[in-house]
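Only one structure is covered here, and it is reproduced in the block below.
For this chain, numbers begin at 1 and follow the sequence in order. Because the structure is a prediction, the values reported are computed rather than measured. Note that ligands are numbered from 1 as they come in the structure, with each ligand's atoms numbered from 1 the same way.
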Amino acid sequence: MKVLVPVKRVIDFNVAIRVKADGSGVERTNVKMSINPFDEIAVEEAVRLREAGIASEVIAISIGPRECTETLRTALAMGADRGLLILAEQDIEPLTVAKVLKAVVAEETPQLVILGKQAIDDDCNQTGQMLAALLDWPQGTFASKVDIKNGRISVTREVDGGLQTVDLKLPAIVTTDLRLNEPRYASLPNIMKARKKPIAEKTLADYGIDATPRLKILDVREPSKRRTGERLGTAADLVGKLRQAGVI
Ligand code: AMP
């Protein structure tokens, strides 16, 4: 069984985000980019399935500018077998990503697509769900455990009230939560090996997909700065301050 893992190139989670002066988005020039952390978890899970003899091949796919090749190389160094880069110069929305993935699913016929639950740049949390709807496949979102047996996958999900387990018929869509696994570090030999693994290249036009945005970002702003606190000597001082502020 083939497993498809979409991996997005995002601003590294350690970078302090700077908003562009014109409020049109965030600064990406000369900013460190990395694989989306939830997608790293997805690659790890897919590679574990292959190591356990459940998956036969892990295909990583990234949609975006040419630099996404680096993101794919990270996935390949972690153990994915081959990569697919779909070039898109403009920012693309989850629905477009889902449409592209649907077309790739038709070509590759995987039994499982494991996505991150969300990309940490836009926090959309939409692509997996949209893909499941477009394909009419069952979905297990926010997975903290998966178990595949007899053509079915059981997905444990962390929900408010505890753990919920859903049992899905393959082919299916899974999106990863933080606790699913701890992704491995790619070893130097594996990074070297990954350079030789194949990465095929396509464009959005190859799939006949119109990527015209449906959403318009009106404004992007930095969160307001937190005001510094004040240390007070006594409870009476605190009550005085609260009165002054009109809180009590
Ligand atoms: P989102 O719905 O944008 O929060 O993204 C959820 C997941 O969809 C990500 O964790 C990725 O697995 C996948 N995804 C989103 N955008 C892309 C992209 N441009 N290329 C590859 N995978 C993507």
Exercise for the section: May I ask you to test the Val220-Ser24 pair for a side-chain heavy-atom distance under 4.5 Å? Expected result: no

Problem - Non-hydrogen side-chain atoms of Asp81 and Arg50 separated by less than 4.5 Å - result: yes

Exercise for the section: Verify the neighbour count for atom CD of Glu222: are there more than 12 heavy atoms of other residues, nucleotides or ligands below 6.0 Å? Expected result: yes

Handout entry: 4.5 Å side-chain heavy-atom contact, Pro37 and Ile120
Key = yes

Note every protein N or O atom lying under 3.5 Å from an N or O atom of ligand 1, pairing the names and giving the distance.
residue: ligand 1; atom: 2 (O); partner: Asn125; partner atom: N; Å: 3.4
residue: ligand 1; atom: 2 (O); partner: Gln126; partner atom: N; Å: 2.8
residue: ligand 1; atom: 2 (O); partner: Thr127; partner atom: N; Å: 2.8
residue: ligand 1; atom: 2 (O); partner: Thr127; partner atom: OG1; Å: 2.7
residue: ligand 1; atom: 4 (O); partner: Ala119; partner atom: N; Å: 2.8
residue: ligand 1; atom: 4 (O); partner: Cys124; partner atom: N; Å: 3.4
residue: ligand 1; atom: 4 (O); partner: Asn125; partner atom: N; Å: 2.7
residue: ligand 1; atom: 5 (O); partner: Thr127; partner atom: OG1; Å: 3.4
residue: ligand 1; atom: 10 (O); partner: Asn36; partner atom: ND2; Å: 3.1
residue: ligand 1; atom: 10 (O); partner: Asp39; partner atom: OD1; Å: 2.5
residue: ligand 1; atom: 10 (O); partner: Gly116; partner atom: N; Å: 3.3
residue: ligand 1; atom: 10 (O); partner: Gly116; partner atom: O; Å: 3.4
residue: ligand 1; atom: 12 (O); partner: Pro6; partner atom: O; Å: 2.9
residue: ligand 1; atom: 12 (O); partner: Asp39; partner atom: OD1; Å: 3.1
residue: ligand 1; atom: 12 (O); partner: Gly116; partner atom: N; Å: 3.1
residue: ligand 1; atom: 19 (N); partner: Ile63; partner atom: O; Å: 2.8
residue: ligand 1; atom: 20 (N); partner: Ile63; partner atom: N; Å: 3.1

Handout entry: Residue from Thr127, Asn125, Leu131 passing side-chain contact (heavy atoms from CB on, under 4.5 Å) with Gln129
Key = Asn125

Exercise for the section: Could you tell me whether the side chain of Pro6 reaches within less than 4.5 Å of the side chain of Val113, counting heavy atoms only? Expected result: yes

